[in-house]
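The sequence lines fix the lettering, A, B, ..., with proteins before strands; numbering per chain opens at 1.
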Amino acid sequence: GNSVTQMEGPVTLSEEAFLTINCTYTATGYPSLFWYVQYPGEGLQLLLKATKADDKGSNKGFEATYRKETTSFHLEKGSVQVSDSAVYFCALCVTGGSYIPTFGRGTSLIVHP
Amino acid sequence: DGGITQSPKYLFRKEGQNVTLSCEQNLNHDAMYWYRQDPGQGLRLIYYSQIVNDFQKGDIAEGYSVSREKKESFPLTVTSAQKNPTAFYLCASSMGHPNTGELFFGEGSRLTVL
């Protein structure tokens, strides 16, 4: 089956620190990979995505590279801000299958001034 | 602006009562989903529908019911059979064809059982 494993949080950083949130996956078939962000009390929003191996998704200073050889899609940002405090979800969707996304459990990020 | 609207944002229920959460989308998406979110547990799929008049159980369908009479609407009923209904409920939609797997979410509905 399909599964997504994320590092457990919370991740606590000072402003301007470097961020990495690890995400690994198992999938039957060829998945597209996603990072979603959830701010307190809100729904999820797509942050970035990658649809094939070696693709790099990027948005708002965040980046993630689709690594097929290591089945990973780690989220990175060079300098976090207080406003980046949120919960981040890694997800996959196997195209050509049921198209039901599989989500990780989410990683809470707390950024202090 | 296109999007997904969930209502109500907050809802309180007495034990033994059924409640219905509304989800409407104007994105012309074929597929719609309901997720439940509890602290530290991520998202769990309750029901999904890929076309009108058809829906499938997700991982935790017991105690819930849905209907999909219109493409735009996918209401969720939390029945009295759901033993622990207090949670944050999220509705989402995605394109049917081509389906990129990307989900668009509503703002969520927080249900509290008193």
Check: Yes or no on side-chain contact (heavy atoms from CB on, under 4.5 Å) for B:Leu45 and A:Phe103, after CA distance, side-chain angles and deciding distance?
Finding: CA-CA 10 Å; B:Leu45 183 63; A:Phe103 285 87; over 6 Å; no

Note to self: Under 4.5 Å between side-chain heavy atoms, counting indirect links through other Ile/Leu/Val/Met/Phe/Trp/Tyr residues: same cluster for A:Tyr66 and A:Phe62 or not?
What the structure shows: yes

Note to self: With a 4.5 Å cut-off on side-chain heavy-atom distances among I, L, V, M, F, W and Y, is there a chain of contacts connecting B:Tyr64 to B:Phe88?
What the structure shows: no

Note to self: With a 4.5 angstrom heavy-atom cut-off, is it the side chain or the backbone of B:Phe104 that approaches chain A, or both, or neither?
What the structure shows: neither

Let me have the donor-acceptor pairs involving side chains of residues 32-40 of chain A, under 3.5 Å, with sequence neighbours excluded, atom names and distances please.
residue	atom	partner	partner atom	Å
A:Trp35	NE1	A:Phe73	O	2.8
A:Tyr36	OH	B:Leu103	N	2.8
A:Gln38	OE1	B:Gln37	NE2	2.8
A:Gln38	NE2	A:Glu42	O	2.8
A:Gln38	NE2	B:Gln37	OE1	2.9

Note to self: In this structure, would A:Leu92 and A:Tyr88 fall into the same cluster of hydrophobic residues linked by side-chain contacts under 4.5 Å?
What the structure shows: yes

Item checked: Joint cluster assignment, B:Ile60 & B:Trp34, ILVMFWY side-chain distance < 4.5 Å -> yes

Checklist line | Residues in residues 43-58 of chain A near chain B [non-hydrogen atoms, under 4.5 Å] | finding: A:Gly43, A:Leu44, A:Leu46, A:Lys49

Notebook entry, point to check: Do A:Pro101 and B:Tyr35 have side chains that get closer than 4.5 Å, going by heavy atoms?
Noted result: yes

Item checked: Residues in salt bridge (charged side-chain N to carboxylate O under 4.0 Å, His left out) contact with B:Arg44, at least two apart in sequence or another chain -> B:Asp38

Item checked: Pairs where residues 69-84 of chain A contributes a residue and the test salt bridge (Lys or Arg N to Asp or Glu O under 4.0 Å) is met, not counting sequence neighbours -> A:Lys77-A:Asp84

